[in-house]
Amino acid sequence: MTPHLNWNKAIPWRNPNEDEQRAIESVYRTNPITGARELDPEQLNYRYEIYNHTEAARRRNRLDPKRREYNTDRPTPTTNPTISKDTAFINEEGEIIRQTITRGLTGDYDFLNTYIVNVYPDTTAWINDFENAYNEPYVRMYFAHGGYSDYPVVGVSWEQANAFANWRTDYLRRSLGKEGIYVEPYRLPTEAEWEYAARAGVDENMYPWDGELTMSDDKGCFYANFKPMEGNYVKDGHVITSRVGTYAPNDFGLYDMAGNVSEWTSTAFTESVGRLTNDLNPEYRYDAAVEDPYKMKRKIVRGGSWKDVAHNVRSDLRMWEYQNEQRSYIGFRCVRTQIGFAKGQKQNNKK
């Protein structure tokens with residue numbers, strides 16, 4: 001489903017209904033060429049904060065020096081550890097300024113990271129990804145026409161996908177009131193979680209379905225939206241993306257785990273990622289600073305897309321993209337951590 005991105009804009013008037021209407025109107029503009037009323041992309045900025053539980057839990061980052069080193073043969077640390085945190089603000093020119101601060105540990109707030117992300121999708125991705133194709137209708141209509149409401153979101157970067165997951169968490173928590181504090185947050189899946197879900201728990205599965213074929217023998221129907229043979233863009237009946245749920249789900253009830261759009265994961269990419277992960281839900285996470293080399297800002301995408309041949313939509317194939325890129329063939333889905341199993345519930349682990 002196409003997610004509806006959200007923003008906040010505070011206006012100091014008394015009438016709540018009038019305030020809301022003015023806030024909505026303020027993020028629209030009139031196109032000087034076409035005269036159409038449209039959203040102003042530059043104003044759709046979302047600010048959120050993430051507490052880094054992982055870094056806060058590390059023994060080396062404890063506020064009490066006596067609890068950082070348990071080996072009594074070693075001296076108690078006397079200096080505070082150095083930490084890095086992300087922060088962001090909007091300057092006087094209206095530009096989003098992102099910084100990574102490195103300093104000595106001072107308190108719990110050093111693990112609170114602030115982000116401001118422009119959440120408007122890149123509607124021009126269709127043309128910029130495929131310059132010699134007639135994709136102008138998708139630029140104009142994919143995010144505006146109701147006929148595409150049930151199609152997967154595209155043109156969204158890894159950073160925007162994370163911002164949406166945070167907004168979705170906040171929306172759910174506020175709807176639950178006091179109980180919202182116990183809600184596990186929405187997030188992008190780790191690469192390991194994504195692959196396990198795609199294979200429906202069966203390690204032998206090359207695709208989300210059984211077997212190595214990409215279409216049924218008897219009916220000749222394809223199992224996913226991709227480009228058959230060497231790249232026939234219409235053989236499967238879809239030129240670009242297909243409506244979510246067009247094809248049968250896998251044994252976990254998940255749709256489009258192969259083809260349609262590739263999906264962002266939370267896992268960072270490096271050529272030696274296999275050596276940097278643990279067997280317990282492998283996850284290599286690297287939050288790149290603004291000043292880091294661009295190659296350190298790669299994130300793993302999985303599942304292949306409508307533009308890929310059969311080999312590229314396999315469940316075991318790893319690909320990557322830069323975290324700030326917005327592509328017409330990359331989308332995302334959110335997950336939440338399940339804490340244990342309810343009484344009487346059995347783990348679905350097909351052997």
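Computed from a prediction, not measured in an experiment: that's the story for all the values here.
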[atom1]-[atom2] distance between [X] and [Y], expressed to the nearest 0.5 angstrom:
X    : Y    : atom1 : atom2 : result
E38  : F143 : CD    : CZ    : 14.5 Å
K299 : E325 : NZ    : CD    : 13.0 Å
Y196 : N205 : OH    : CG    : 11.5 Å
F226 : T214 : CZ    : OG1   : 3.5 Å
L172 : E179 : CG    : CD    : 11.5 Å

Side chain of [X], backbone of [Y]: donor and acceptor closer than 3.5 Å?
X    : Y    : answer
R173 : V183 : yes
K85  : L112 : yes
Q43  : S26  : yes
N250 : A198 : yes
K295 : T270 : no
W320 : A268 : no
N80  : L105 : yes
S262 : G304 : yes
N225 : I240 : yes
N113 : D86  : yes

May I ask you to test the [X]-[Y] pair for a side-chain heavy-atom distance under 4.5 Å?
X    : Y    : answer
R318 : R302 : yes
I24  : E20  : yes
L44  : P41  : no

Under a 4.0 Å N-O cut-off, is there an ion pair linking [X] with [Y]?
X   : Y    : result
R62 : D64  : no
R98 : E159 : yes
R58 : E55  : yes

State, without any angle test, whether [X] and [Y] hold a side-chain donor-acceptor pair at a distance under 3.5 Å.
X    : Y    : answer
E283 : S266 : yes
T267 : T190 : no
T241 : Y142 : yes
T169 : R336 : no
Y294 : N324 : yes
N166 : Y115 : no
S315 : E195 : no

Counting neighbours of [atom1] on [X] that are heavy atoms of other residues, nucleotides or ligands and sit closer than 6.0 Å, is the number greater than 12?
X    : atom1 : answer
N132 : CG    : no
E25  : CD    : yes
R74  : CZ    : no
E212 : CD    : no
E92  : CD    : no
Y70  : OH    : yes
E42  : CD    : no

Show the nearest heavy-atom pair for residues [X] and [Y], with the distance to one decimal.
X    : Y    : result
P249 : Y255 : CD-CE2, 3.5 Å
V117 : Q160 : CG1-CG, 3.9 Å
G155 : A125 : CA-CB, 4.5 Å
S305 : V261 : CB-CA, 3.8 Å
I83  : N61  : CG2-OD1, 4.0 Å
K227 : V239 : CE-O, 4.0 Å

From the list Y247, F252, Y223, ring-ring contact (aromatic ring centres under 6.0 Å, His included) with W209 holds only for Y223
(request) Evaluate side-chain contact (heavy atoms from CB on, under 4.5 Å) for Y48 paired with N162, printing each intermediate quantity in order. (result) CA-CA 10 Å; Y48 67 101; N162 277 285; 4.0 Å; yes
Ring-plane angle category for H145 and Y148, please: parallel below 30°, perpendicular beyond 60°, tilted otherwise.
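The rings of H145 and Y148 stand perpendicular, inter-plane angle above 60°.
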Exercise. Decide if the gap between the ring center of Y171 and the ring center of W167 is smaller than 6.0 angstrom.
Key: yes
| Is the centre of the W264 ring less than 6.0 Å from the centre of the F164 ring? |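 No, they do not, as the ring centres are separated by 6.0 Å or more.
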Could you go through W158 and L188, starting from their C-alpha distance and side-chain angles, then the distance that decides it, and tell me whether this counts as side-chain contact (heavy atoms from CB on, under 4.5 Å)? CA-CA 9 Å; W158 181 88; L188 295 180; 3.6 Å; yes
**Message:** Determine whether D292 and K297 satisfy the following criterion, salt bridge (Lys or Arg N to Asp or Glu O under 4.0 Å), listing intermediate values before the conclusion.
**Reply:** CA-CA 8 Å; D292 280 338; K297 301 175 183 179; over 6 Å; no
Check: After noting the C-alpha distance and the side-chain angles of W306 and F130, does the key distance pass the ring pair (Phe, Tyr, Trp, His ring centres under 6.0 Å) rule?
Finding: CA-CA 13 Å; W306 57 269; F130 304 95; 5.5 Å; yes
Determine, using the 4.5 Å side-chain heavy-atom cutoff (strictly less than), whether I300 and M257 are members of one ILVMFWY cluster.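 No, it is not one cluster - the side chains of I300 and M257 are not joined through contacts under 4.5 Å.
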